[in-house]
Amino acid sequence: MNAPFAPSRVDGVRAALLERPSQLLIGGEWVDAQAGGTFDVHDPATGEIIARAAEGTGADIDRAVAAARKAFVSGPWASMAPGGRAALMLKLADAIDAHADELALLESLDGGNPVSSTRHVDIAWAPNSLRHMAGWADKIAGEVPLGNAGAPGFAYTLREAIGVVGAITPWNAPFLMAVNKIAPALATGCTVVLKPAELTPLTAIRLGELAMEVGFPAGVINIVTGMGGVAGQALVDHPDVNKISFTGSTRVGRSILAGAAGSMKRVTLELGGKSPIILYPDADIARAAAAIAQEICFKTGQFCAAGTRLFVHAEVHDQVVEAIAAAMKQIRVGPGLSPETQMGPIVCEKQMERVLDYIAQGAACGAELVTGGKRIGDKGWFVEPTLITGAQGHMSIARDEIFGPVLATMQFGAGDDLDAVAAMANDTDYGLAAKIWTRDLGTAHGLARRIGAGTITINGGGGSSPMPFGGFKQSGLGREGGREGVLAYTEIKTVSVGF
Ligand code: NAD
């Protein structure tokens with residue numbers, strides 16, 4: 001085993017977790033939840049309790065929002081130059097790098113994902129997100145249109161920080177999602193109240209500790225752990241929160257959008273997906289099949305942009321199915337902390353039951369189970385990588401976001417032109433991502449134009465700069481990342497000046 005994740009280190013982290021006080025970060029202090037409640041946090045690989053977190057309620061959200069408001073309007077943060085904010089963000093990025101092994105371990109214990117992927121994806125990408133957004137801090141600007149040279153006056157726009165941001169994050173990528181929300185908020189001068197998912201609060205708490213260590217002023221980053229329907233809802237309902245940045249299910253996103261309407265809060269919603277993969281016979285079939293199998297097993301399929309509906313050309317259907325099934329059978333499933341593990345458990349028992357139920361529904365509707373489909377063992381919440389063929393557009397396995405390692409295939413044929421194939425891909429309430437495999441440029445870009453999705457990946461994609469990410473249709477509202485992502489934390493004001 002790699003030394004950073006040696007059993008003795010894992011034991012040390014586990015012991016420290018059980019001993020640490022369950023507290024909230026409010027106004028620069030670690031404090032108990034006012035109602036005194038705590039909740040258990042489980043290891044999905046065993047079901048054991050690994051920690052307790054403070055159960056914040058509306059009273060704690062009130063305190064956190066007041067602290068965030070105070071930091072926004074007065075004190076060192078409010079008067080800090082953009083370069084000063086950027087410097088603190090860069091220090092936080094360095095601190096994450098310095099604690100990357102420990103954070104990866106915590107993230108794997110909490111969410112169940114393989115430590116190789118938490119270390120090299122979740123934790124490794126978070127500092128990049130901070131550094132990218134730190135670069136924006138002193139580049140966010142309004143505009144002065146040329147206007148009419150002879151006019152008695154002129155007008156310009158100001159970009160201003162939106163204010164207090166309520167950030168609500170899911171359990172499938174807890175640390176990265178938290179950083180992706182905090183980073184643009186800090187870059188623009190906003191302050192934040194973060195409510196992490198109750199299933200996976202541990203790395204968000206550690207993020208708060210690191211933020212305090214590197215010197216963020218009190219109240220700039222507040223962390224309130226607790227239940228979605230209580231602490232999360234209180235944040236959404238709070239009259240002094242200017243924006244909610246939410247990543248999670250479409251169901252909760254919808255309720256947040258409705259809840260925000262009363263006070264006209266700004267919202268960014270990063271929601272669910274049911275992303276199509278389209279595979280043509282001219283693609284590199286071996287590479288595509290390996291990538292498709294790997295992607296559906298990444299985070300045990302608990303990955304919003306995962307390709308879950310595979311439309312494969314009839315000419316290569318059997319070959320592709322065989323290759324994907326073979327690749328799935330090779331995936332090593334096990335506890336996230338085991339170095340051999342390529343796919344960990346599902347995050348909780350309820351979610352595991354939900355995944356198994358979808359698989360059963362698919363079989364009951366006449367789709368064919370090619371591989372997988374079962375729970376593994378009776379300890380922890382493991383499900384086999386699962387491939388189902390013969391799905392049809394109306395089936396729940398082809399329509400609903402399963403959020404498990406379940407891939408459903410459908411076929412198209414030589415008679416289906418680009419419009420017909422795009423129509424199949426677009427036959428969904430979602431529009432988060434789409435993946436295209438073909439060597440034909442016209443086909444690839446023709447489909448990219450026709451498919452309604454926020455991110456289109458051709459032949460596995462490439463490039464690494466932070467790009468805007470988000471969904472069409474019920475996959476969300478707004479974008480996270482890049483220029484669009486940072487501007488979403490600002491208000492624009494027009495100033496018109498007469499001479
Ligand atoms: P969820 O919607 O159940 O919970 C997300 C967060 O919302 C949690 O912190 C939860 O406590 C909170 N919450 C729940 N009810 C609330 C309420 N009434 N008011 C305010 N907050 C509330 O989602 P999840 O199950 O944690 O995450 C999985 C979902 O997230 C999937 O649908 C997945 O596609 C989506 N997701 C989307 C993206 C993206 O960028 N589009 C990224 C990751 C995950």
Side-chain angles (χ1 to χ4, degrees), residues 39 41 44 53 55-58 61 110-113 121-122 125 129 166-181 193-204 223-238 241 244-260 265 267-275 298-308 346-348 350-352 354-355 400-404 428-433 453-455 466-481 485 488:
F39 62 94
V41 183
E55 188 168 351
T57 60
I61 291 291
D110 204 2
N113 288 305
V121 179
D122 302 67
W125 290 5
S129 173
I168 303 177
T169 48
W171 44 260
N172 66 329
F175 190 76
L176 187 60
M177 295 293 134
V179 169
N180 280 348
K181 297 195 179 309
V193 178
L194 169 67
K195 207 301 281 172
E198 50 269 48
L199 287 171
T200 55
L202 302 181
T203 48
I223 299 178
V224 179
T225 49
M227 300 302 124
V230 180
Q233 190 67 52
L235 198 51
V236 173
D237 293 341
H238 202 292
V241 170
I244 293 290
S245 178
F246 171 80
T247 298
S249 61
T250 294
R251 180 184 64 80
V252 175
R254 222 178 266 129
S255 85
I256 287 178
L257 188 58
K265 275 188 192 69
V267 287
T268 298
L269 302 174
E270 296 287 352
L271 310 178
K274 189 74 185 174
S275 300
F298 175 63
K299 289 187 180 292
T300 320
Q302 305 163 118
F303 166 45
C304 56
T308 49
I346 300 272
V347 74
C348 67
K350 189 171 156 213
Q351 179 63 16
M352 178 190 73
R354 192 171 165 267
V355 171
D400 296 355
E401 184 184 50
I402 298 175
F403 233 49
T428 169
D429 293 335
Y430 296 106
L432 193 56
T455 299
M467 302 292 278
F469 183 80
F472 282 36
K473 301 195 275 185
Q474 295 191 30
S475 286
L477 205 60
R479 294 292 180 272
E480 226 165 48

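Every value quoted in this text rests on a predicted model; they were computed, and no experiment measured them. Just follow the structure's listing: the first ligand is 1, and inside any ligand the first atom is 1.
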Any idea which atoms of ligand 1 are less than 4.0 Å away from a heavy-atom of F469? 39 (C), 40 (O)

For atom 18 (N) of ligand 1, the protein heavy atom that lies nearest, with its residue and separation: Q233 OE1, 2.8 Å

Is a side-chain donor-acceptor pair under 3.5 Å present for T200 with D110? no

Between K274 and D429 (side chain of the first, backbone of the second, donor and acceptor by atom type, cut-off under 3.5 Å), is there such a pair? no

Looking only at protein heavy atoms, which one is nearest to atom 26 (O) of ligand 1, and what is the separation? W171 CD1, 2.8 Å

Backbone N or O of C348 within a donor-acceptor pair of the Q351 side chain at under 3.5 Å? no

Where ligand 1 meets I168 - atom numbers and elements under 4.0 angstrom, heavy-atom basis: 6 (C), 7 (O), 9 (O), 12 (C), 20 (C), 21 (N)

Between the side chains of K181 and E480, is the shortest nitrogen-to-carboxylate-oxygen separation below 4.0 Å, so that they form an ion pair? yes

Contact check: E198 vs ligand 1, nitrogen or oxygen atoms, below 3.5 angstrom: yes

Please identify which atoms of ligand 1 are closer than 4.0 Å to at least one heavy atom of G232. 19 (N), 20 (C), 21 (N)

So which protein heavy atom does atom 34 (O) of ligand 1 come closest to, and at what separation? E401 OE2, 2.5 Å

How many angstroms lie between CD in Q233 and CD1 in I168, if you round to the nearest 0.5 Å? 8.0 Å

Numbering as shown, the atoms of ligand 1 that approach L432 to under 4.0 Å (heavy-atom distance): 41 (N)

Report yes or no: does T250 contribute a side-chain atom to a donor-acceptor pair with the main-chain N or O of Q474 at less than 3.5 Å? yes

Using a 4.0 Å cut-off to any heavy atom of G272, which atoms of ligand 1 qualify? 32 (O), 34 (O)

Taking Q302 for the side chain and V347 for the main chain, is one N or O donor matched with an acceptor at less than 3.5 Å? yes

Students should be able to answer this: which protein heavy-atom is nearest to atom 9 (O) of ligand 1, and at what distance? T169 O, 2.7 Å

Is there a heavy atom of F246 sitting under 4.0 angstrom from any atom of ligand 1? yes

Shortest protein heavy-atom distance from atom 23 (O) of ligand 1, along with the residue and atom involved: S249 N, 3.3 Å

Atom indices of ligand 1, in the order listed, that fall short of 4.0 Å to a heavy atom of A197: 8 (C), 9 (O)

Ring pair (Phe, Tyr, Trp, His ring centres under 6.0 Å) partners of W171, counting only residues at least two apart: F403

I'd like to check which ligand 1 atoms, numbered from 1 as shown, lie under 4.0 Å from a non-hydrogen atom of V252. 2 (O), 13 (N), 14 (C), 15 (N), 16 (C), 17 (C), 22 (C)

Ignoring hydrogens, tell whether any protein atom lies closer than 4.0 Å to atom 4 (O) of ligand 1; use the non-hydrogen atoms only. no

Within the distance-only criterion (no hydrogens, no angle test), does the side chain of S475 pair as donor or acceptor with the backbone N or O of L432 below 3.5 angstrom? yes

Report the nearest protein non-hydrogen atom to atom 35 (C) of ligand 1: residue, atom name, distance rounded to 0.1 Å. G248 O, 3.1 Å

Nearest non-hydrogen protein atom, atom 17 (C) of ligand 1: G228 O, 3.4 Å

Any donor-acceptor N/O pair, E55 side chain to M227 backbone, under 3.5 Å: no

Measuring only between side-chain heavy atoms, which start at C-beta, is K473 closer than 4.5 Å to Y430? no

I want to confirm something. Looking only at heavy atoms, which of G253, C304, G229 is nearest to atom 38 (C) of ligand 1? C304

Where is the tightest heavy-atom contact between A231 and V224, given as atom of each residue plus distance? CB-CG1, 4.5 Å

Nearest non-hydrogen protein atom to atom 33 (C) of ligand 1, with distance, is F403 CZ, 3.2 Å

Does only the side chain of L271 get under 4.0 Å from ligand 1, or the backbone, or both, or neither? Count heavy atoms. backbone

May I ask you to list the atoms of ligand 1 that are less than 4.0 angstrom from any heavy atom of N172? 43 (C), 44 (C)

Is the closest heavy atom of P196 to ligand 1 under 4.0 Å? yes

Rounded to the nearest 0.5 Å, what's the gap from CD1 on I256 to CG on L269? Could you check? 6.5 Å

Would you say T247 has any N or O atom under 3.5 Å from an N or O of ligand 1, going by distance alone? no

Which residues pass the side-chain hydrogen bond (donor to acceptor under 3.5 Å, both in side chains) test with K265, sequence neighbours left out? S263

